[in-house]
Amino acid sequence: MTGQLRLGGPWAFRYDDRSRRSVALAVALKGSSWLSVDGVDAPIHIQEGDWYVLTSSHCLHSEPEIKSVPIAPLSPKDIAGSLKSIEATFPFSNEPMNMTDGAQLLLDEVKAGPFFDLLPPVIHVRADSTEAPVLRSVLSVLTYEAKKPRIGNQLMIDSLARILLVEVLRLCVAHEDSQKGWLGALVDAKIGAALAVMHRDDTKRLTVDHIATAVGMSRSSFALRFKVLVGQSPLDYRLQLNMQRAAQRLRNTSKTVSSVAYELGYDSEKSFGKAFKRVMGCPPTSYRKTDTELCPR
């Protein structure tokens, strides 16, 4: 989803979206503002040309002391299966003093689960940084594609959205709060390679010994380094990853629970069901019937 906000006079709004996982990117085209983000102590001064990346509820103000009004988040139904361009004007004055372009990437909670919680709530990219022109150019083309339906439109939109997400992840890896955890582990040669092995092979039979050997480490040194960098043991990470794969197959295909269990290397549906419930919060059959991405806990 792309959009533009044109704001005039004293203004402030709060965007509070706790029901869905999303990454928002915005660039200040005109004017300056103040950004207050949940989990961040002080407001951030956004100046013309600055970028910011958000994964948390936030307020945007013309001045920090102005009381905000809530803006309701859009649902996937509002987007109608395709990226949509939305423009909004706050009619507080005839002449907009602030203009902001942005995009919001809506992420499937199951697919995004392994890394979303490790992303910082905000990343501020100053206008004079080397990354700002790249982000600006990609968003500009993405916005153009969203406004101009043409042949190959959806392919361009999907590709550009992925490019933006990769740029966000690069910024997150460079961010000081992301040196530990899944994202920080990717830049480690051995553990990054191990994560690639784990994400390529979706069977339970892939052991810690196999992974350690594949990246040229002993089992003990690999297990210790993995836990230090990722924050989980290889076994716990592997279990969580496989249960997220199982959740996708249960939700998006008509495969039986036993066939999903077999595909993931489980000898019985019972043992698979116990593992699934431990990670996802309910049995596989109940998960398939729920309307939400995760079982109620």
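The analysis underlying the following values was restricted to heavy atoms, covering all of them including side chains, and did not include hydrogens, waters or symmetry mates.
- Under the 4.5 Å side-chain heavy-atom criterion for ILVMFWY residues, no single connected hydrophobic cluster contains both Leu164 and Tyr144.
- Heavy atoms only, all atoms of each residue included: Leu264 and Ala246 are closest at CD1-CB, 3.5 Å.
- Using a 4.5 Å heavy-atom cutoff, the side chains of Leu206 and Val197 are in contact.
- For the pair Ser62 (side chain) and Trp11 (backbone), a donor-acceptor distance under 3.5 Å is present.
- Here the side chains of Asp188 and Arg225 are in contact, with some heavy-atom distance below 4.5 Å.
- For the pairing with Tyr52, the side chain to side chain contact (heavy atoms under 4.5 Å, CB included) check across Val125, Leu25, Thr100, Val27 returns one residue only, Thr100.
- Formation of a donor-acceptor pair under 3.5 Å by the Arg288 side chain with backbone atoms of Thr256 is not found in this model.
- The nearest pair of heavy atoms linking Val215 to Lys190 is O-NZ, 2.9 Å.
- Taking the six-membered ring where the residue is Trp, Phe276 and Tyr287 present perpendicular rings, their angle passing 60° and hence far from 30°.
- Residues Phe226 and Met217 fail the side-chain proximity criterion, which asks for heavy atoms closer than 4.5 Å.
- Looking at every heavy atom in both residues, Arg14 comes nearest to Ser57 through NH2-CB, 3.6 Å.
- Shown here for Arg136 and Gly49, the closest heavy-atom pair between the two residues is NH2-O, 3.6 Å.
- The environment of NE2 in His210 is sparse: at most 12 heavy-atom neighbours from other residues, nucleotides or ligands sit within 6.0 Å.
- Counting heavy atoms from C-beta on, the side chains of Val138 and Glu167 never come closer than 4.5 Å.
- Cluster membership check: Trp34 does not share its hydrophobic cluster with Val53, using side-chain heavy-atom separations under 4.5 Å among Ile, Leu, Val, Met, Phe, Trp and Tyr.
- A donor-acceptor pair is defined here as one N or O able to donate and one able to accept, closer than 3.5 Å; such a pair exists between the side chain of His58 and the backbone of Ser56.
- Here Ser33 contributes atom OG and Glu63 contributes atom CD; the two are 9.5 Å apart, rounded to the nearest 0.5 Å.
- Using a cut-off of 4.0 Å between Lys/Arg side-chain N and Asp/Glu carboxylate O, Lys255 and Glu263 are scored as salt-bridged.
- A 4.5 Å side-chain heavy-atom check between Leu195 and Tyr237 finds at least one atom pair inside the cut-off.
- Put simply, Val166 and Leu160 are part of two different groups of oily side chains (I, L, V, M, F, W, Y) that touch within less than 4.5 Å, one to the next.
- Minimum heavy-atom separation, Lys227 to Ser233: CG-N, 4.2 Å.
- Under a hydrophobic-cluster definition in which Ile, Leu, Val, Met, Phe, Trp and Tyr are linked whenever side-chain heavy atoms come within less than 4.5 Å, directly or via other members, Phe13 and Ile66 are assigned to different clusters.
- Arg238 contributes no side-chain N or O that, together with a main-chain N or O of Thr207, makes up a donor-acceptor pair within less than 3.5 Å.
- Two residues are said to be in side-chain contact when any heavy atoms from C-beta on lie closer than 4.5 Å; His199 and Arg245 meet this criterion.
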_Derivation and outcome, side-chain contact (heavy atoms from CB on, under 4.5 Å), residues Asp50 and Ile44_ = CA-CA 11 Å; Asp50 283 7; Ile44 301 169; over 6 Å; no

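- A side-chain donor-acceptor contact under 3.5 Å links Gln154 and Asp158.
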*Under the side-chain contact (heavy atoms from CB on, under 4.5 Å) rule, what do Trp51 and Leu139 come out as? Steps first, then yes or no, please.*
CA-CA 11 Å; Trp51 269 85; Leu139 180 60; 3.4 Å; yes

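- Between Leu60 and Asn98, the closest side-chain pair of non-hydrogen atoms is not below 4.5 Å.
- Here the closest non-hydrogen pair linking Ile46 and Ala28 is CG2-CB, 3.9 Å.
- For the residue pair Arg150 / Asn153, no side-chain donor-acceptor distance below 3.5 Å is found, with atom types taken as modelled.
- Each of Tyr262 and Val260 belongs to its own hydrophobic cluster when Ile, Leu, Val, Met, Phe, Trp and Tyr are linked at side-chain heavy-atom distances under 4.5 angstrom.
- Looking only at distances, no side-chain donor or acceptor of Thr253 sits under 3.5 Å from a matching main-chain atom of Leu250.
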